[in-house]
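Down below is the structure, laid out as structure tokens.
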Amino acid sequence: MKQQHDQFPSALEAVFLVAFLMGVEFVINAAFYDMRSVLGMDPAHMIGIVFLLANAVLFTVLLHYKKMTYSSLFHASPTPVGATVGLLGVPVLMLVPALSLLIMLLEQVLVQWLPVPAGQQKIFEQMMLSGLSSIVTACLIAPVVEEMLFRGIILRSFLGQYSRWQAICGSALLFGFAHLNIYQFFAAFLLGCLCGWLYERSRSLWPGIILHASYNSLAMLMERWAVSGEDWQPSPAHWLIAIVLFVIGAGLLHKLLLRRT
């Protein structure tokens with residue numbers, strides 16, 4: 001089946017696409033909340049289900065409209081999936097410690113300048129401490145589904161309409177804004193730029209999914225430590241190891257992906 005509408009969405013259409021997804025999530029969440037007594041579930045444990053259902057609605061429509069399959073969405077490269085993951089997986093993982101430490105530092109500076117409101121802090125704590133459902137959603141479901149939308153659909157379309165870095169940064173900005181708070185914006189933007197670069201070079205979502213899932217997992221672990229009262233701070237040795245790993249990983253990725261222009 002040949003793909004159609006390969007330049008959908010444009011930048012403006014992508015904004016409406018994300019807004020539509022949020023609207024669907026709101027409607028499904030409201031329906032689940034009203035049925036919480038019948039379902040016997042805590043609303044906090046429904047986040048992953050609501051997220052999956054809303055995205056299922058969106059991707060059913062999108063893939064039909066664009067005449068795409070899930071296989072072509074996840075991997076549009078002539079290189080086999082196994083080879084792509086095998087070659088890029090370890091170098092991608094080497095980026096995660098430095099990325100996590102940098103974002104943690106930026107967030108600490110931001111919080112000092114703009115303290116987190118009590119309501120927003122409560123939301124963050126609920127996300128961190130709501131058990132297995134939050135872990136599965138943040139570390140598995142969200143990385144896969146968000147990469148499908150922001151890199152597999154939006155960035156893929158942007159690359160056919162805008163310059164390389166306009167497309168990568170534009171999709172990353174939209175990814176950041178989709179988190180709806182300034183405290184997660186910078187993390188999402190930086191992560192979006194890295195995942196976008198990996199997609200543009202490899203034409204596969206899998207390297208970005210590995211990076212996204214690994215970052216979310218480490219970030220959640222560090223946040224749970226903070227919420228539980230353990231005031232962990234990175235030492236100079238942590239920074240040195242993270243930077244060395246990042247430099248090696250980035251160098252390997254640059255060499256492995258240099259063939260793409």
Residues that Y215 engages under ring-ring contact (aromatic ring centres under 6.0 Å, His included), provided they are two or more places apart: none

Just how far is it from atom OG of S235 to atom CH2 of W239, taken to the nearest 0.5 Å? 11.0 Å

Under 3.5 Å, is there a donor-acceptor pair between the side chain of S157 and the main chain of I154? no

Distance check, rounded to the nearest 0.5 Å: L218 atom CG versus L99 atom CG? 9.5 Å

Can you name the residues that form a ring-ring contact (aromatic ring centres under 6.0 Å, His included) with Y65, not counting sequence neighbours? H5, F8

Which residue pairs pass the side-chain hydrogen bond (donor to acceptor under 3.5 Å, both in side chains) test with at least one member in residues 80-108, sequence neighbours excluded? Q108-Q233

Is the side chain of E200 donor-acceptor paired with the backbone N or O of R164 at a distance under 3.5 Å, no angle test? no

Once side chain to side chain contact (heavy atoms under 4.5 Å, CB included) is applied, do any residues pair with P80, and if so which ones, sequence neighbours excluded? A83

Any non-hydrogen side-chain atom of V244 less than 4.5 Å from a side-chain atom of I248? yes

List in chain and number order the residues that pass side chain to side chain contact (heavy atoms under 4.5 Å, CB included) with A56, two or more places apart in sequence or in another chain; answer none if no residue qualifies. none

Check: S217/S214 side-chain N/O donor and acceptor closer than 3.5 Å: no

Would you list the atom pairs, donor with acceptor, under 3.5 Å between side chains in residues 9-27 and any protein atom, with sequence neighbours excluded?
residue	atom	partner	partner atom	Å
S10	OG	E13	N	3.4
S10	OG	E13	OE1	3.3
E13	OE1	S10	N	2.7

Any chance you could measure L256, atom CG, to S202, atom OG, to the nearest 0.5 Å? 11.0 Å

Please output the side-chain donor-acceptor pairs of residues 142-150 that fall under 3.5 Å, not counting sequence neighbours, one pair per line with the distance.
residue	atom	partner	partner atom	Å
E146	OE1	H212	NE2	3.2
E147	OE1	R151	NE	2.9
E147	OE2	R151	NH2	2.6
E147	OE2	H212	ND1	2.7

Under 6.0 Å between ring centres, would you say that holds for H179 and F175? yes

Non-neighbouring partners of F185 that pass ring-ring contact (aromatic ring centres under 6.0 Å, His included), sequence neighbours left out: F177

Straight-line distance of L258 CG to L253 CG, nearest 0.5 Å: 12.0 Å

Taking a hydrophobic cluster as the set of Ile, Leu, Val, Met, Phe, Trp and Tyr residues connected by side-chain heavy atoms closer than 4.5 Å, whether directly or through intermediates, do L87 and L252 fall within one such cluster? no

Run the side-chain contact (heavy atoms from CB on, under 4.5 Å) check on R156 and M68 step by step: do they pass? CA-CA 12 Å; R156 185 172 184 164; M68 291 178 67; 3.3 Å; yes

Quick one: do L159 and Y199 satisfy side-chain contact (heavy atoms from CB on, under 4.5 Å)? Show the steps, please. CA-CA 10 Å; L159 288 168; Y199 177 79; 4.2 Å; yes

Any heavy-atom pair between the side chains of I103 and F186 that's under 4.5 Å? no

How would you list, by chain and number, every residue that makes a side chain to side chain contact (heavy atoms under 4.5 Å, CB included) with V90, sequence neighbours excluded? M94

side-chain hydrogen bond (donor to acceptor under 3.5 Å, both in side chains) partners of residues 244-253, not counting sequence neighbours, each pair once: none

For V109, the other hydrophobic cluster members (4.5 Å side-chain criterion, sorted by chain and number) are none

Roughly how far apart are L155 CG and L174 CG, rounded to 0.5 Å? 11.0 Å

Set of ring-ring contact (aromatic ring centres under 6.0 Å, His included) partners for Y70, sequence neighbours left out: none

